[in-house]
Amino acid sequence: QVQLVESGGGSVQAGGSLRLSCATSGMQMNMHCMAWYRQVPGKEREGVAGLGRDQYVTYAESVKGRFTISRLSAEKLQLEMKSLKPEDTAMYYCAARMLYDCYSGSWQSMNGVRYWGQGTQVTVSS
């Protein structure tokens, strides 16, 4: 049984930092495109960052230079978020999808995700 469990969300002031973690089980991270998504009420879930094989990374324009996705171990994914803005406030989800999606650009859409975590809330106050 595949499980993705996020942790590390919380509240922070604008300009601050947070680090999200995703612990996986029942799957091989290096065989998937691992990604982080976020969602605010009333809007579709959007891709934030993707991690392919060999440390290939890709980011949404809105977070480039501020967020860093990385693989801490064979089972653990991280999203380091710096210079946070109020518009970064959202529920953040860890996800796994076809490896190819990281390279094709389709990772940014929530469609095609194979596995989702339960989400962790990030709130940035001004």
Side-chain angles (χ1 to χ4, degrees):
Q1 183 183 358
V2 174
Q3 282 193 308
L4 284 70
V5 180
E6 301 95 334
S7 60
S11 298
V12 66
Q13 288 197 318
S17 301
L18 278 175
R19 195 173 291 168
L20 306 183
S21 294
C22 174
T24 70
S25 59
M27 59 166 285
Q28 289 182 280
M29 272 183 30
N30 65 355
M31 299 296 289
H32 292 81
C33 171
M34 299 303 299
W36 288 94
Y37 295 80
R38 65 186 182 188
Q39 187 172 26
V40 297
K43 289 195 174 181
E44 190 166 282
R45 208 167 286 189
E46 61 173 3
V48 172
L51 176 68
R53 203 174 270 175
D54 299 327
Q55 301 304 310
Y56 175 86
V57 296
T58 179
Y59 297 97
E61 283 297 324
S62 58
V63 305
K64 269 184 185 175
R66 300 188 298 122
F67 289 14
T68 303
I69 186 171
S70 61
R71 184 180 288 117
L72 295 182
S73 69
E75 295 87 22
K76 203 162 186 181
L77 185 72
Q78 178 176 272
L79 183 69
E80 189 165 12
M81 306 183 293
K82 297 181 179 179
S83 302
L84 283 161
K85 305 175 182 179
E87 51 264 42
D88 294 318
T89 295
M91 185 71 80
Y92 282 72
Y93 298 88
C94 175
R97 57 189 304 151
M98 281 179 58
L99 181 59
Y100 176 75
D101 292 349
C102 267
Y103 304 91
S104 71
S106 58
W107 70 274
Q108 285 201 268
S109 167
M110 61 177 288
N111 297 321
V113 169
R114 281 181 175 169
Y115 308 111
W116 290 104
Q118 84 288 350
T120 185
Q121 178 68 35
V122 171
T123 303
V124 185
S125 57
S126 55

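Numbers for residues simply follow the sequence, beginning at 1. Fair warning: this is a prediction, and the values are worked out from it, not measured in the lab.
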Donor-acceptor contact below 3.5 Å, side chain T89 vs main chain V124: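 Here the side-chain-to-backbone pair exists.
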Set of side chain to side chain donor-acceptor pair (under 3.5 Å) partners for S73, sequence neighbours left out: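 S73 satisfies side chain to side chain donor-acceptor pair (under 3.5 Å) with no residue once adjacent residues are dropped.
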Tell me, which pairs form a salt bridge (Lys or Arg N to Asp or Glu O under 4.0 Å) where one or both residues lie in [range], sequence neighbours left out?
range            : result
residues 100-125 : R97-D101
residues 24-36   : none
residues 35-56   : R38-E46, R38-D88
residues 20-32   : none

Disulfide (SG to SG under 2.5 Å) partners of residues 29-71, not counting sequence neighbours, each pair once: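 For residues 29-71, and leaving out neighbouring residues, the disulfide (SG to SG under 2.5 Å) pairs sorted by first residue read C33-C102.
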Distance-minimising heavy-atom pair for R71 and G52: NH2-O, 3.4 Å
Pairs meeting criterion ring-ring contact (aromatic ring centres under 6.0 Å, His included) with involvement of residues 33-72, two or more places apart: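 Applying ring-ring contact (aromatic ring centres under 6.0 Å, His included) to every pair that reaches into residues 33-72, excluding sequence neighbours, yields Y37-W116, Y56-Y103.
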Heavy-atom side-chain proximity of Y93 to M110 below 4.5 angstrom: no
Return the set of residues passing side-chain contact (heavy atoms from CB on, under 4.5 Å) with [X] (not counting sequence neighbours), or none when no residue passes.
X    : result
S109 : N111
S83  : R66
E61  : K64
E87  : K85

Identified side chain to side chain contact (heavy atoms under 4.5 Å, CB included) counterpart of I69 within the set T58, V48, L51, V63: L51
Side-chain donor-acceptor distances from residues 4-31 under 3.5 Å, at least two apart:
residue : atom : partner : partner atom : Å
E6      : OE1  : Q118    : N            : 3.0
E6      : OE1  : Q118    : NE2          : 3.4
E6      : OE1  : G119    : N            : 2.9
E6      : OE2  : C94     : N            : 2.7
E6      : OE2  : G119    : N            : 3.2
R19     : NH2  : E80     : OE2          : 3.1
T24     : OG1  : E75     : O            : 3.0

Value rounded to 0.5 Å, distance of CG in L79 from OG in S70: 8.5 Å
Common cluster, M34/M81, ILVMFWY with side-chain heavy-atom separation under 4.5 Å: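 M34 clusters together with M81.
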